[in-house]
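Please read the structure below before turning to the comments.
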Amino acid sequence: MSSPHQSVPPAKSSHTAPEGSDTGGGSAATVIRIPRLAFLGVFILFMCVFFMFVGWPIGLWWLLLIPVAVTVWVLRTQTTVSETGLDLRTVFGSRHLDWSQLKGVRIPKRGYVRADLIDGTEAKLPAVSYDRVRDLAVASQGRIPDPYAVPPAEAKSDTEAVEADSKATSDDDKAADQSTDSKAEVADVPGKDSSE
């Protein structure tokens, strides 16, 4: 007889996915969202709007809709990276991109990263800014290359180039030191007065 304090594995449930099934296994989908710190900005916006609302509630009630709209934007805007592709969700719509449709990504100076598609169009990747490109590359499991990574072959040539530059710089420094020393020796020639 077992004690009630011993752990027993749970019984099979009708909600448990069968072994080897595709459902319930939990795909390794990564969701890239607007940082949750944005809710602090929403709260500050709400407080600013609320003080104006208190001054004239009948005329400025509509200002309270602004923080609500920003909250909806923060909650809805996301890019989901999964085995099947990219799921892009914005406030007013969503779109699915298969990996076969994706040609590459483009990083603009401002705004979200853009996916270049094989049909020549591009799609904005919501919530994926410049600082989240590495997360996107890792989540895509190599389908999108990491723009920050240095390939091993180039790493050696870069290391050799840095060593050559440092050697050339040290050679230039030695030559400059030698020319400075020779000038100092000319100034210290005995028999010549420096005041003449």
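Computed over heavy atoms, backbone and side chain alike; hydrogens, waters and symmetry mates excluded.
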Considering all heavy atoms, the nearest Val133-Pro147 contact: CG1-CG, 3.5 Å
Same apolar cluster (I L V M F W Y, side chains within < 4.5 Å links), Trp99/Val113: yes
Residue pairs passing the side-chain hydrogen bond (donor to acceptor under 3.5 Å, both in side chains) test where at least one lies in residues 37-52, sequence neighbours excluded: none
Gap separating the NE2 atom of His96 from the OG1 atom of Thr84, nearest 0.5 angstrom: 4.0 Å
Inter- and intrachain pairs under ring-ring contact (aromatic ring centres under 6.0 Å, His included), touching residues 108-149, at least two apart: Tyr130-Tyr148
Would you give me the side-chain donor-acceptor pairs under 3.5 Å for residues 115-126, sequence neighbours excluded?
{"residue": "Asp119", "atom": "OD1", "partner": "Thr121", "partner atom": "N", "Å": "3.2"}
{"residue": "Asp119", "atom": "OD1", "partner": "Thr121", "partner atom": "OG1", "Å": "2.7"}
{"residue": "Glu122", "atom": "OE1", "partner": "Arg106", "partner atom": "NE", "Å": "3.4"}
{"residue": "Glu122", "atom": "OE1", "partner": "Arg106", "partner atom": "NH2", "Å": "3.0"}
{"residue": "Glu122", "atom": "OE2", "partner": "Arg106", "partner atom": "NH2", "Å": "3.0"}

side-chain hydrogen bond (donor to acceptor under 3.5 Å, both in side chains) assessment of Ser100 paired with Asp98: CA-CA 5 Å; Ser100 60; Asp98 289 326; 4.7 Å; no
Single-linkage hydrophobic cluster Leu88~Phe92, side-chain heavy atoms < 4.5 angstrom: no
Qualifying salt bridge (charged side-chain N to carboxylate O under 4.0 Å, His left out) pairs with a residue from residues 138-148, counting only residues at least two apart or across chains: Glu83-Arg143, Arg134-Asp146
Test item: side-chain donor near acceptor, Thr80 and Ser82, under 3.5 Å: no
From CG (Leu136) to CD1 (Ile107), nearest 0.5 Å: 9.5 Å
Separation of Leu97 CG from Leu102 CG (nearest 0.5 Å): 7.0 Å
Separation of Arg132 CZ from Arg33 CZ (nearest 0.5 Å): 10.0 Å
Any Asp135 side-chain heavy atom under 4.5 Å of Thr30 side chain: no
Pairs touching residues 35-47 that satisfy side-chain hydrogen bond (donor to acceptor under 3.5 Å, both in side chains), sequence neighbours left out: none
Approximate separation, where rounding is to 0.5 Å, of Ile32 CD1 and Ser129 OG: 9.0 Å
Common cluster, Val72/Phe39, ILVMFWY with side-chain heavy-atom separation under 4.5 Å: yes
Arg89 side chain vs Arg76 backbone, donor-acceptor pair below 3.5 Å: yes
Test item: Val81 and Val138 side chains (from C-beta on) under 4.5 Å apart, heavy atoms: no
Please set out all donor-acceptor pairs under 3.5 angstrom arising from side-chain atoms of residues 42-71, sequence neighbours excluded.
{"residue": "Trp62", "atom": "NE1", "partner": "Gly59", "partner atom": "O", "Å": "3.0"}
{"residue": "Thr71", "atom": "OG1", "partner": "Pro67", "partner atom": "O", "Å": "2.8"}

CD1 on Ile34 to CD on Gln78, rounded to 0.5 Å: 10.0 Å
